[in-house]
Amino acid sequence: MPELPEVETIVRDLRPGLLGRRLERVDLLRPSVVRFPEASRFRARLEGRTITSVSRRGKFIHLGLEGGEELVVHLGMTGTLTLERESEPLRLHTHLRIGLGRSEELRFRDPRRFGRVLLGSSGELQLAGVLPRLGAEPLEPGFAVQELASQLRRSRRAVKSVLLDQALVAGCGNIYADEACFRAGIRPDRRACRISQPRAERLLRELRLVLEDAIRRRGSSFSDYRDGFGARGEAYEALLVYGRGGQPCVVCGAPLRQSRVGGRGTVFCARCQR
DNA sequence: CCCCTATCCTGAGGGC
DNA sequence: TGCCCTCAGGATAGGG
């Protein structure tokens, strides 16, 4: 599923091809993917605008438009946002096509439809309650590991659930939460308030490292995730625990335990993680 | 306020 | 071979 590394890869892929391009033709095949404004106003409000920036905040993709508004895309579980030739056959579950001229178009596809599309100024979207408040960006130089670790330690929830809380740290999802816990040697179901400050800081540093490594590998493509051109990433093959329940731990050889934390499938090594 | 659970949705995979 | 059941989970609404 698209988490921070996958979304970052897509943004880097799309940026050169989208900057300065004009949204010439908007074709909203499934209006329900647009959550703001009313889908009936979407096309008129978008058509003819020019893309001035392409960025990421947490798992959200922001296409800045001339005039100050933004087209915001969240990929949910199975969403893809790709720049393609118009001649490429349309895949099932393509919900939005935006023609850019030169026979190219931006396509949003999302079989499971957990994704969504928003259009408006950031203030307007915040006001409408369709853009959540997001926490720290793990890749930013200002990622305050000490401060965030002490915040994390205030919670009585499972440490993994806190990592998944987008209001504390933005962009971490189920895959990289498990990976960060493994690398830090922390059981994902351990209450956050029972982690020492140094170990909580280690957890956040490991999270940043695993996210950076996954970006270098262009994201985890075991299911629907594809980059900005529709190609697979190689990060799944480098994961140490996610998707490996029952297999031997790469460190100690004990079978990895598959469990459930906060309603999410979770894999960890009961020997290496305390 | 905090935290948990149900919900949305499709496709894959297992059992029979 | 085919049907049906379960499971996967990001974000959010609602309940305890």
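Here is how names work: the chains are called A, B, and so on, in the same order as the sequence lines, proteins then strands, and each is numbered from 1.
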(message) Looking at every heavy atom in both L163(A) and C181(A), which two are closest together, and how far apart are they?
(response) CD1-SG, 4.1 Å

(request) Indicate, with a heavy-atom threshold strictly under 4.0 Å, whether L92(A) touches base, sugar-phosphate, or nothing. (result) sugar-phosphate

(request) Could you tell me whether the phosphate oxygens of dT10(B), OP1 or OP2, come under 4.0 Å of any side-chain nitrogen or oxygen in R113(A)? (result) yes

(request) Report which part of the nucleic acid R264(A) touches: base, sugar-phosphate, or nothing (heavy-atom distance under 4.0 Å, all strands). (result) base

(request) Take atom CG of D110(A) and atom C1' of dG10(C), then tell me their distance rounded to the nearest Å. (result) 11 Å

(message) Tell me the interatomic distance from F60(A), atom CZ, to dA11(C), atom P, rounded to whole angstroms.
(response) 6 Å

(request) Let me know the distance between CZ of R30(A) and P of dC9(B), rounded to the nearest Å. (result) 9 Å

(message) Check the phosphate of dT12(C) against R116(A), side-chain N and O only, distance under 4.0 Å to OP1 or OP2. Yes or no?
(response) yes

(message) Mind checking if Y242(A) touches a base, just sugar-phosphate, or nothing, with heavy atoms under 4.0 Å?
(response) sugar-phosphate

(request) Give, ordered by number, those residues of residues 209-233 of chain A having at least one heavy-atom distance below 4.0 Å to an atom of DNA chain B; if nothing qualifies, reply none. (result) none

(request) Measure from CZ on R91(A) to P on dT10(B) and round the result to the nearest Å. (result) 16 Å

(request) Round to the nearest Å and state the distance from D178(A) atom CG to dA8(C) atom C1'. (result) 13 Å

(request) Tell me what G263(A) touches on the nucleic acid: a base, only sugar-phosphate, or nothing, going by heavy atoms under 4.0 Å. (result) nothing

(request) Would you indicate what T78(A) reaches in the nucleic acid, counting non-hydrogen atoms under 4.0 angstrom: base, sugar-phosphate, or nothing? (result) nothing

(message) In whole Å, I'd like the distance from the CZ atom of R260(A) to the P atom of dT5(B).
(response) 11 Å

(request) Indicate the ring-plane relationship of Y242(A) and Y236(A), choosing parallel, tilted or perpendicular according to the 30° and 60° boundaries. (result) perpendicular

(message) When you measure from the side-chain N and O atoms of H93(A) to the phosphate of dG11(B), is any distance below 4.0 Å, counting only OP1 and OP2?
(response) yes

(request) Scan M77(A) against the nucleic acid and name what it touches under 4.0 Å (heavy atoms): base, sugar-phosphate only, or nothing. (result) base

(request) Would you indicate, yes or no, if dG10(C) has its OP1 or OP2 atom less than 4.0 angstrom from a side-chain nitrogen or oxygen of Q166(A)? (result) no

(request) Please figure out whether G262(A) or P111(A) has its closest DNA chain B nucleotide nearer the 5' end. (result) G262(A)

(message) At less than 4.0 Å, is any side-chain N or O atom of H74(A) found next to OP1 or OP2 of dA11(C)? Yes or no.
(response) yes

(request) Would you mind reading off the distance between N174(A) atom CG and dG9(C) atom C1', rounded to a whole angstrom? (result) 7 Å

